[in-house]
Structure formats: structure tokens, C-alpha cells
Amino acid sequence: MNREAVRFLSVIALAVVIATFPFWYPGATGTESKLVHEAENSTFAIRGVLKEVGDYYVVVETQQGEVKVSVHGWYRERTMKWFEVLNDLRSYVGYDVIMEVEDEGGGNLVAKHIEIPSVGVKY
């Protein structure tokens, strides 16, 4: 073999080694823990009365007791930010509310969809 062929094959072998490295040690790259964390998230609905609106959260009074739900990110198909939603919700304290929430683990609930059915407001 000539020198150029050896150099070309060496570059190809090095590229294959680098490309397959994450599969050798999945724990080192965080791939494994990320997949486990994503599997833990679950989504469910909460129905109750909007009791309190804080700086980053809302409190909903349900039949089982009070539930604190974080509000962050985008709402209304990415047209409203979380702080705009919280400002609007302050005027609906005492109204019935339906929320789709996601449990991010450790009891941290995050609102994905918020609805005040009596006035037709949806976030």
C-alpha cells in the first residue's frame, strides 16, 4: 500500500471510533439518564378552583386538597409567555379551572394547558 492509502484508511478508522464512542459508555454521555428521566414524566388533568396566583406558580383547590403548579414557557401556541398568563390569571382567582399538567418528577408539576371554562379562556 502506498502512503496516501494508509493515511486515508487511518482517517476513516479514526472517524468510526469517534462516531461510535457514545455507544461504548452510555453513562458517560448522559444518554442513559436522560432517557430514564423522560420516561418518568407523566401528564394528567387537574380540576378545581383557582385559589392563588404567585410569581411563578398557581394554586388550585381540588377535592383532594391544594395543588401548587408551576407556570413557565410558552402558551397559546407560542404567542404568550408564562408571565403574561400569570398576569391574566390574577383576574380569575375564584373561578373553576381545568389544567393539563406534567409531573417532572419530585412532585414538581408544570402547567401545559390552562382553561377557565366559565369564560372560555384557554392558555
V69 and E102: CA distance, side-chain angles, deciding distance, side chain to side chain contact (heavy atoms under 4.5 Å, CB included) verdict: CA-CA 9 Å; V69 180; E102 183 174 312; over 6 Å; no

Stepwise side chain to side chain contact (heavy atoms under 4.5 Å, CB included) test for T62 and I46: CA-CA 8 Å; T62 67; I46 294 178; 3.5 Å; yes

Distance, nearest 0.5 Å, that separates CG of L86 from NE2 of H72: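 Here the interatomic distance stands at 11.0 Å.
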
Distance, nearest 0.5 Å, that separates CD1 of I114 from OH of Y75: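 Going from the CD1 atom of I114 to the OH atom of Y75 covers 5.0 Å.
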
[X] side chain near [Y] side chain, heavy-atom distance below 4.5 Å:
| X | Y | value |
| --- | --- | --- |
| V110 | V101 | no |
| Y92 | V97 | no |
| V60 | V49 | no |
| I116 | L89 | yes |
| M99 | V58 | yes |

Trace of the side chain to side chain contact (heavy atoms under 4.5 Å, CB included) decision for V71 with Y56: CA-CA 6 Å; V71 177; Y56 302 99; over 6 Å; no

F8 atom CZ, over 12 foreign heavy atoms within 6.0 Å: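 Counting neighbours around CZ of F8, 12 or fewer heavy atoms of other residues, nucleotides or ligands fall under 6.0 Å, so no.
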
Flag, side chain of N108 to backbone of E104, donor-acceptor distance under 3.5 Å: no

G54 backbone acceptor or donor facing R90 side chain under 3.5 Å: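 Yes; judged by distance alone, with no hydrogens or angles, the pair exists.
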
List the atom of [X], the atom of [Y], and the distance in Å for their closest heavy-atom pair.
| X | Y | answer |
| --- | --- | --- |
| W74 | T79 | CE3-N, 4.1 Å |
| P117 | I98 | CG-CD1, 4.0 Å |
| E84 | M80 | OE1-CA, 3.3 Å |

Distance-only donor-acceptor check, side chains E52 and Y57, under 3.5 Å: yes

Qualifying side-chain hydrogen bond (donor to acceptor under 3.5 Å, both in side chains) pairs, either residue in residues 109-123, two or more places apart: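 Only D88-Y123 qualify under side-chain hydrogen bond (donor to acceptor under 3.5 Å, both in side chains).
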
E66: partners by salt bridge (charged side-chain N to carboxylate O under 4.0 Å, His left out), with sequence neighbours left out: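 Residues passing salt bridge (charged side-chain N to carboxylate O under 4.0 Å, His left out) with E66: K51.
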
